[in-house]
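Nothing here was measured: the structure is a model prediction, and the numbers come from that model.
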Amino acid sequence: MIIKFKDFNENFQERSNFSFFLFHGSNFGRVNECLERIIKYRKDIENIDVINMNTDDFKKGDLFELCSKISSPNIFGTNSILSIYLNNEKLNKEIIECLSNFQNSHLIIILRSLQLSNRSTLRSTFEKNRNFLVVPCYDETKRDKNFYISGLLKKEKINIGYDEINIISDKLSNDRLEIKNEIEKIIVLLKVLPEKSSYSNFVDVISESLEIDNTKFINDLVNGNKKSFIKEYNKFTNFGNDNIKLLTYLIDHLFRLMIVKKKMQEGKSLDKSLTELRPPVFFKYKEAFINQVKKFKEEDLNQLIKIFFRCKENMIQNTSSSGYNFMFALLEFFKSKYSSKIV
């Protein structure tokens, strides 16, 4: 049975009683939100184990064997939720067989995916069976975005006007996960620099490079790798003429580290926290990024964000010592305990 995302949320109590769920679509933030809400609800009412897998984890026959093993409560009376991310559709036939065979068991199966085509056998099976629930997760509308942004800020007791919400909304994509990541930057900024509470500062902190991956230079810089720094710095900043660009990328990178650490404090694993990051970390930088998450403490990231944000602000205002202060801050960073290479 297919229902809209809005209906799923407004009638959640009723919808949450299904055993088999499929959440799919281009708005992966909504997909994850549906998954997390189901898991939280189930954990609140019963003892439950959550098993997170993806289709690449299974060989032929593995899925049916796992479902058979966890379809009944364990010796402690604990039921299971099997959450599977669909990297591909190679398991569709086996998944459909499991859905048919374990309908009357205690097992809950939650499937997540990007947009499935109309010809997908799995999507068709869920849409036609009234005992299965499928929720398409499409991009946010303008109204959805504004309402969601406002809700995130109000939750942190941050109240700004409709016009300011519109300005922030226009700078963001229509993916809920990316919106949440960017709004979390604003929240972090207000906690680090509470005096910067005007909406112009909200807009400034939103990533100016949402579609561009972090460069090797930024990773080397955050790793404290001084090798070839001058050469790469000159290339990145056009011989020091665009330090604002460098600060924008650097602050954005530090915010991303902060967001992952906060997600881990909420009880999420490092891998799950990384998968929720938007834009994603390119695979060739993933190991370095993970090492950085482990290396920096939250208070250190707060301090660095504060320092480099003020450097950027001084450069925008074209204060006479802004360039000197920035280079001094970089040198101090290289002299600090973070300058030892870890990758």
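- Residues meeting the side-chain hydrogen bond (donor to acceptor under 3.5 Å, both in side chains) test with N166, sequence neighbours left out: K142, N146.
- Within the structure, ring pair (Phe, Tyr, Trp, His ring centres under 6.0 Å) contacts touching residues 157-179 (residues at least two apart or in different chains) do not occur.
- Listed by chain and residue number, D44 satisfy the salt bridge (charged side-chain N to carboxylate O under 4.0 Å, His left out) test with K40 (two or more places apart in sequence, or in another chain).
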- Task: Start with the C-alpha gap between T248 and K312, add the side-chain angles, then the distance that decides, and say whether side chain to side chain donor-acceptor pair (under 3.5 Å) holds.
- Result: CA-CA 8 Å; T248 298; K312 181 179 177 181; 3.1 Å; yes
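- A distance-only check finds a donor-acceptor pair linking the side chain of T55 to the backbone of N87 [under 3.5 Å].
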- Message: Test side chain to side chain contact (heavy atoms under 4.5 Å, CB included) on F236 and D242; report intermediate values, then the result.
- Response: CA-CA 8 Å; F236 194 96; D242 199 357; over 6 Å; no
- Taking it one step at a time, do L257 and K261 satisfy side chain to side chain contact (heavy atoms under 4.5 Å, CB included)? CA-CA 6 Å; L257 293 172; K261 292 190 80 69; 5.6 Å; no
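- Closest approach of Q115 to S26, counting heavy atoms only: OE1-N, 3.8 Å.
- Legend: residues meeting side-chain hydrogen bond (donor to acceptor under 3.5 Å, both in side chains) with E276, ordered by chain and number and at least two apart, are K263, K268, K272.
- Ring geometry for F23 against F21 counts as parallel: the plane angle stays under 30°, on a 0 to 90° scale with 60° as the upper cut.
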List the atom pairs, donor and acceptor, that lie under 3.5 Å between side-chain atoms in residues 103-111 and the rest of the protein, sequence neighbours left out.
| residue | atom | partner | partner atom | Å |
| --- | --- | --- | --- | --- |
| S105 | OG | F102 | O | 2.8 |
| S105 | OG | L107 | N | 3.2 |

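- For F58, the side-chain contact (heavy atoms from CB on, under 4.5 Å) partners two or more places apart in sequence, or in a different chain, are M53, D62, L63, L66, I84, L91.
- Each ring pair (Phe, Tyr, Trp, His ring centres under 6.0 Å) pair with one or both residues in residues 129-157, not counting sequence neighbours, appears once here: F20-F132, F126-F132.
- In this structure, A329 and I307 approach most closely via the heavy-atom pair CB-CG2, 3.9 Å.
- Every residue meeting the salt bridge (charged side-chain N to carboxylate O under 4.0 Å, His left out) condition with K262, not counting sequence neighbours, appears here in chain and number order: E298.
- Among residues two or more places apart in sequence or in another chain, the side-chain hydrogen bond (donor to acceptor under 3.5 Å, both in side chains) test is passed with D144 by R30, T141.
- With N314 contributing its side chain and C311 its backbone, the two residues share no donor-acceptor pair below 3.5 Å.
- Taking the six-membered ring where the residue is Trp, F308 and F326 present perpendicular rings, their angle passing 60° and hence far from 30°.
- With rounding to the nearest 0.5 angstrom, the CD1 atom of I96 is 12.0 Å from the CG atom of N101.
- Under the 3.5 Å distance criterion, with hydrogens and angles disregarded, no donor-acceptor pair is assigned to the side chains of N32 and Y85.
- The salt bridge (charged side-chain N to carboxylate O under 4.0 Å, His left out) check on E127 picks up R123, with sequence neighbours excluded.
- Every residue two or more places apart in sequence or in another chain that forms a side-chain hydrogen bond (donor to acceptor under 3.5 Å, both in side chains) with Y41 is listed here: Q13.
- In this view, D49 satisfies the salt bridge (charged side-chain N to carboxylate O under 4.0 Å, His left out) rule with no residue, not counting sequence neighbours.
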